[in-house]
**Student:** 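One structure coming up, written as structure tokens, with questions to follow.
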2 protein chains.
Amino acid sequence: MTVTGSRGRRERLRAETTAEIKKVALSLMAKSGPDAITLRAIAREMGMTANAIYGYFPTRDDLVTTLINDVYTALADAVDTAWETTPSADPAVRIEAWANAFRTWALVNPQGFRLIYGDPVPGYQAPEGGPAPDAARRVCTGLTALAAAAWPYARHLYQDSVFDWSDFDPGLLEKVRPAFPDLPPAAVALALRIWGHLHGLVSLEVYGHMRTQTTSPEKLFQEELAQLMQTLGIPRRR
Amino acid sequence: MTVTGSRGRRERLRAETTAEIKKVALSLMAKSGPDAITLRAIAREMGMTANAIYGYFPTRDDLVTTLINDVYTALADAVDTAWETTPSADPAVRIEAWANAFRTWALVNPQGFRLIYGDPVPGYQAPEGGPAPDAARRVCTGLTALAAAAWPYARHLYQDSVFDWSDFDPGLLEKVRPAFPDLPPAAVALALRIWGHLHGLVSLEVYGHMRTQTTSPEKLFQEELAQLMQTLGIPRRR
DNA sequence: TGCAGAAACTTCACGGCGTATAGTTTCTGC
DNA sequence: GCAGAAACTATACGCCGTGAAGTTTCTGCA
């Protein structure tokens, strides 16, 4: 009918404009960093007035929050895909696939990494619970899957763990415990520690702090993965 | 004499004003984050015009670079002091002292940590070679000292290392090799990896990404240190 | 002691930013 | 065809860094 047709048209246009705003914002970010995400620059690029954007996002921070969500989701998709498309027979291969997907995504999308994990934009205040809680949860759940895959090999190394469930966020456990019912708290702690290790090496590299120390961050990261397998008690494949 | 006395006076006033600019800038940063470091806000606080600051720093970026240098140096001092004031008999204790000093400094000076390691300020472009190469070097050299202290225990774990000297920055090696003549490339790689581990855990904590996952980042960090000793082959003290 | 010149500082101006308010155009559904 | 909603523009305010030009204050020498 004309009714739904017309309403549909308006909604479609609206959705298209919203998408274009985000697309332009992301291209500005990719070219010049998160700082370049300004309403006026986006509007300029789109042939609009900056205030027109307020019809789509109540404030600039809301736009940034949405972008963080999208970008973080893309990262989560990347690592999830790497995990799922790698055969599960050899946990070492699978864990390496996850970790390499993480680093590769960060190196391909350095500004996205900064957007997610850094101070995204001048004066940006993240909303309560963080800007992209779902995507962050997905990444952490993925990390727990790593730990779970390694746990048969690693468990004897973490016998005297001091962790219990109260050490972790209930929202995280809600996702994690049903998926891996047999996993103890120590394994979740291990997952978070691995997150820290990988995040640290990658972020030092992305932010350029490694460049002044080593000429081959790639080699360093592969060494990290090799040693990680050691830490997890996983026999080195050949 | 009056001559030197007068010239000395001008220079002293100049040095005092420079120091006050930096002091005010750092207090703004501590209160409201690196973004709050604006020439106008500093000038307002000092009862001056923003342009007066141009007599002391050619651009805002130069001021920020100087601040990064100062703050990074403070961090380097903190970890160096922790290292040097801890008895060297037990490498585990000493390494833990270093790592805890690193994390504690970051938690006490979160905005300083962001200034050093994050995107400090909108549009800030770090100068060639990084904003604080000396302080960064000192931290990396300190890390190599950790690796050197652990090396007698750890060396057999890194027999089949693939690193050679060409994998590292000459400027780093210039500092490191004379200080630790017997240390192989693998130990430097180990130092950088440890840096990554600690940096990752601490920066996830400082940036609030851990808060949504664990309720006790402190416990996680201590577990990290305990496992680090394992990785280094250092027997756990009691 | 007076005075040229340098140093320190202010004033004014420009373009950029987020965003609030008010006004205008365009489309929708009856 | 027309009321009203939705989309968008115009104007304005207070921030920001910074350049140019002008003013005040201090310094060192005659």
Side-chain angles (χ1 to χ4, degrees), chain A residues 1-21 24-25 28-29 31-67 119-126, chain B residues 1-21 24-25 28-29 31-67 119-126:
Chain A
M1 302 131 190
T2 9
V3 177
T4 48
S6 294
R7 188 151 49 97
R9 178 183 139 75
R10 268 254 241 256
E11 271 171 23
R12 184 168 45 77
L13 284 177
R14 191 178 172 74
E16 277 170 11
T17 306
T18 306
E20 191 186 351
I21 291 171
V24 170
L28 285 169
M29 180 196 76
K31 204 198 313 159
S32 316
D35 292 351
I37 304 173
T38 66
L39 299 184
R40 296 183 119 107
I42 296 166
R44 219 177 294 128
E45 201 86 9
M46 292 177 68
M48 282 172 45
T49 305
N51 281 19
I53 299 178
Y54 283 90
Y56 300 87
F57 298 92
T59 69
R60 186 209 52 160
D61 277 16
D62 287 275
L63 169 58
V64 171
T65 299
T66 303
L67 294 176
D119 308 296
V121 161
Y124 172 75
Q125 283 292 348
Chain B
M1 310 140 184
T2 9
V3 177
T4 48
S6 294
R7 187 151 50 96
R9 179 182 137 79
R10 269 256 241 253
E11 270 171 23
R12 185 169 45 76
L13 285 176
R14 191 180 171 74
E16 277 169 11
T17 307
T18 307
E20 191 185 352
I21 291 171
V24 170
L28 286 168
M29 181 196 75
K31 204 196 315 157
S32 315
D35 293 350
I37 304 174
T38 65
L39 299 184
R40 296 183 118 107
I42 296 166
R44 220 177 294 129
E45 202 84 12
M46 293 177 66
M48 282 172 45
T49 305
N51 281 28
I53 299 178
Y54 283 91
Y56 299 88
F57 297 93
T59 69
R60 185 209 52 160
D61 278 15
D62 286 275
L63 170 58
V64 171
T65 300
T66 302
L67 294 175
D119 308 296
V121 161
Y124 172 74
Q125 285 290 348

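Each chain gets a letter, A, B and so on, in the order the sequences are listed, and its residues count up from 1.
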**Student:** Closest heavy-atom contact between A/R14 and A/G55?
**Tutor:** NH2-O, 2.6 Å

**Student:** Taking CG from B/D62 and P from D/dG17, how many angstroms apart are they, rounded to a whole number?
**Tutor:**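 Value for this atom pair: 14 Å.
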
**Student:** Which atom names give the shortest non-hydrogen contact between B/L28 and B/A41, and what distance separates them?
**Tutor:** CD1-CB, 3.9 Å

**Student:** Just by distance, do the side chain of A/D61 and the backbone of A/Y124 share a donor-acceptor pair under 3.5 Å?
**Tutor:**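 A pair under 3.5 Å: no.
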
**Student:** Indicate whether OP1 or OP2 belonging to D/dA20 is found under 4.0 Å from a side-chain N or O atom of B/Y54.
**Tutor:** no

**Student:** Before you tell me yes or no, could you show the steps for B/Y54 and B/L39 under side chain to side chain contact (heavy atoms under 4.5 Å, CB included), namely the whole-Å CA-CA distance, both residues' side-chain angles and the distance that decides it to 0.1 Å?
**Tutor:** CA-CA 9 Å; B/Y54 283 91; B/L39 299 184; 3.5 Å; yes

**Student:** Indicate whether OP1 or OP2 belonging to C/dC17 is found under 4.0 Å from a side-chain N or O atom of A/R44.
**Tutor:** yes

**Student:** Over how many whole Å does the gap from A/R14 atom CZ to D/dC8 atom C1' extend?
**Tutor:**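 These atoms are roughly 12 Å apart.
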
**Student:** For B/R60 and C/dG16, what is the distance between atoms CZ and P respectively, to the nearest whole Å?
**Tutor:** 17 Å

**Student:** Nearest-Å distance, CD (A/E16) to P (D/dA6)?
**Tutor:**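 After rounding, the reported distance stands at 19 Å.
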
**Student:** I need the CZ-C1' distance between A/F57 and C/dG18, as an integer number of Å.
**Tutor:**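 For the pair A/F57 CZ and C/dG18 C1', the rounded distance is 16 Å.
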
**Student:** List in numerical order all residues of residues 45-52 of chain A for which some heavy atom is under 4.0 Å away from an atom belonging to DNA chain D.
**Tutor:**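 Those residues are A/M48, A/T49, A/N51, A/A52.
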
**Student:** Pull out every protein N or O sitting under 3.5 Å from an N or O of nucleotides 24-26 of chain D, one pair per line with the distance.
**Tutor:**
none

**Student:** Identify whether any heavy atom of B/T17 sits under 4.0 Å from a base atom; if not, whether one sits that close to sugar-phosphate; answer base, sugar-phosphate or nothing.
**Tutor:**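 If one applies the 4.0 Å heavy-atom cut-off, B/T17 turns out to touch nothing in the nucleic acid.
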
**Student:** Take atom CD1 of B/I37 and atom C1' of D/dC15, then tell me their distance rounded to the nearest Å.
**Tutor:** 17 Å

**Student:** To the nearest angstrom, how far is A/R12 atom CZ from C/dT28 atom P?
**Tutor:**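 These atoms are roughly 10 Å apart.
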
**Student:** Looking at every heavy atom in both B/R40 and B/A50, which two are closest together, and how far apart are they?
**Tutor:** CG-CB, 3.7 Å

**Student:** Go nucleotide by nucleotide along DNA chain D from the 5' end; which of B/P58 and A/R40 gets its closest nucleotide reached first?
**Tutor:**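 Nearest nucleotide further toward 5': that of A/R40.
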
**Student:** Before giving the answer on side chain to side chain contact (heavy atoms under 4.5 Å, CB included), spell out for B/I42 and B/L63 the whole-Å C-alpha distance, their side-chain angles and the decisive distance to 0.1 Å.
**Tutor:** CA-CA 11 Å; B/I42 296 166; B/L63 170 58; 3.7 Å; yes

**Student:** Could you pull out the closest heavy-atom pair between A/A25 and A/L67, with the gap in Å?
**Tutor:**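 In terms of heavy atoms, the two residues are closest at CB-CD1, 3.7 Å.
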
**Student:** As an exercise, state the distance from OG1 of A/T49 to CZ of A/R44, rounded to the nearest 0.5 Å.
**Tutor:**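 The distance works out to 11.5 Å.
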
**Student:** Are B/V64 and B/F57 close enough that some pair of their side-chain heavy atoms sits under 4.5 Å apart?
**Tutor:** no

**Student:** So which atom in B/I53 and which in B/M48 form the shortest heavy-atom distance, rounded to 0.1 Å?
**Tutor:** N-CE, 4.2 Å

**Student:** Before giving the answer on side chain to side chain contact (heavy atoms under 4.5 Å, CB included), spell out for B/T17 and B/M46 the whole-Å C-alpha distance, their side-chain angles and the decisive distance to 0.1 Å.
**Tutor:** CA-CA 9 Å; B/T17 307; B/M46 293 177 66; 4.2 Å; yes

**Student:** Hey, where does DNA chain C pair up into stems, meaning at least three consecutive Watson-Crick or G-U pairs with distances under 3.5 Å?
**Tutor:**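 So the stems come out as C:1-30 with D:1-30.
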
**Student:** Just how far, in rounded Å, is P of C/dA6 from CG of B/L13?
**Tutor:** 20 Å

**Student:** For B/D62 and B/T59, does a side-chain donor sit closer than 3.5 Å to a side-chain acceptor?
**Tutor:** yes

